[in-house]
Amino acid sequence: SKATVSVLNCRLPHPPTTTMGKVRSHELRAMDKAGLEKQLDELKQELGQLRVAQVTGGPASKVAKIKTVRKSVAKVLTVLNTNQKDSLRALYKGKKFQPKNLRVKKTRAMRRKLTKEELSQKTTRQAKRDAAFPMRKFALAL
């Protein structure tokens with residue numbers, strides 16, 4: 001009928017992935033933790049089957065698919081780890097101390113550098129010296 005034709009002709013941004021294989025990161029980011037873990041289990045199961053097919057001399061299409069499945073597993077793990085780190089960052093936001101893996105990396109020298117407040121502080125001796133001998137003012141005739 002006419003209604004089904006119009007539905008078939010509309011273009012989706014990305015068709016939903018029904019078969020395992022290549023997964024898209026934006027789809028993974030929309031999923032919850034349970035969905036991601038389920039997807040990870042399915043991908044690992046498929047990878048195991050593909051490796052068996054590789055050893056037994058299966059078709060070349062299955063052997064070639066191993067790479068995409070491995071990359072998909074990596075994407076799912078990356079999204080899982082990113083989500084976990086983001087939730088930990090939210091948990092430690094505003095706290096005095098953070099775990100080392102959540103701190104800003106920078107460089108070793110930059111992490112050990114004095115803060116602006118520490119740099120602006122003066123010793124008692126320097127404060128007395130500045131008070132006793134203020135900067136001289138000269139009147140210049142132009």
Side-chain angles (χ1 to χ4, degrees), residues 3-142:
T4 56
V5 171
S6 63
V7 171
L8 292 174
N9 286 339
C10 74
R11 293 190 63 198
L12 295 171
H14 293 288
T17 51
T18 52
T19 60
M20 286 291 103
K22 197 166 189 178
V23 291
R24 294 189 161 78
S25 296
H26 70 91
E27 291 174 0
L28 292 174
R29 286 190 203 101
M31 295 170 80
D32 62 329
K33 187 178 179 182
L36 285 169
E37 286 174 349
K38 182 174 177 261
Q39 179 100 8
L40 184 64
D41 289 338
E42 291 171 2
L43 284 167
K44 284 187 175 180
Q45 190 78 28
E46 185 183 2
L47 188 59
Q49 292 168 357
L50 291 172
R51 289 220 169 102
V52 168
Q54 182 185 27
V55 171
T56 57
S61 61
K62 281 198 171 185
V63 175
K65 199 176 175 190
I66 290 176
K67 182 180 176 182
T68 58
V69 176
R70 282 179 60 236
K71 303 291 179 189
S72 298
V73 167
K75 280 183 187 176
V76 172
L77 285 171
T78 301
V79 171
L80 269 170
N81 291 333
T82 307
N83 290 348
Q84 184 181 14
K85 207 161 202 180
D86 288 344
S87 63
L88 280 172
R89 281 188 202 282
L91 181 70
Y92 282 100
K93 183 126 179 119
K95 301 267 173 77
K96 187 173 180 183
F97 297 109
Q98 285 186 340
K100 287 194 174 177
N101 62 339
L102 296 181
R103 294 179 193 169
V104 182
K105 180 88 169 104
K106 294 187 181 178
T107 62
R108 190 168 188 267
M110 287 176 78
R111 289 193 302 267
R112 280 152 181 74
K113 191 170 71 171
L114 293 176
T115 63
K116 287 182 180 175
E117 292 79 29
E118 290 168 340
L119 279 169
S120 64
Q121 287 179 344
K122 291 183 179 180
T123 61
T124 50
R125 179 178 177 161
Q126 187 63 46
K128 285 178 188 172
R129 190 178 284 174
D130 289 346
F133 305 104
M135 186 68 80
R136 292 182 179 176
K137 297 183 181 93
F138 295 99
L140 297 175
L142 295 176

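Since this is a predicted model, take the numbers as computed values, not measurements. Only heavy atoms go into these numbers, but all of them, side chains included; no hydrogens, no water, no symmetry mates.
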So how far is it from E27 CD to K75 NZ, rounded to the nearest 0.5 Å?
9.5 Å
So, for V73 and L40, which heavy atoms are closest and what is the spacing to 0.1 Å?
CG1-CD1, 3.8 Å
Can you list the residues that meet the side-chain hydrogen bond (donor to acceptor under 3.5 Å, both in side chains) rule with Q126, with sequence neighbours excluded?
D130
Measuring from atom CG of L43 to atom NZ of K38, what distance do you get when rounded to the nearest 0.5 angstrom?
11.0 Å
Is the count of non-hydrogen atoms from other residues, nucleotides or ligands lying under 6.0 Å from Q45 atom CD greater than 12?
no
Using every non-hydrogen atom in the two residues, find where T82 and T78 come nearest and quote the distance to one decimal.
OG1-O, 2.6 Å
Work out which heavy atom in A132 is nearest to a heavy atom in P134; give both atom names and the distance.
O-CD, 3.3 Å
Nearest heavy-atom neighbours spanning Y92 and F97
CD2-O, 3.8 Å
Looking at every non-hydrogen atom in both residues, tell me the closest pair between L36 and V79 and how far apart they are.
CD1-CG1, 3.8 Å
Could you check whether any side-chain heavy atom of L50 comes within less than 4.5 Å of a side-chain heavy atom of E46, counting everything from C-beta outward?
yes
Nearest-0.5 Å distance, NZ of residue K128 to NZ of residue K122
14.5 Å
Measure the shortest side-chain to side-chain distance between E37 and K33 over non-hydrogen atoms and say whether it is less than 4.5 angstrom.
yes
If you measure from CD on E42 to OG on S72, what distance do you get to the nearest 0.5 Å?
12.0 Å
In residues 101-108, what donor-acceptor pairs under 3.5 Å come from side-chain atoms, sequence neighbours left out?
residue	atom	partner	partner atom	Å
R103	NE	Q98	O	2.9
R103	NH2	Q98	O	2.9
T107	OG1	M110	N	3.2

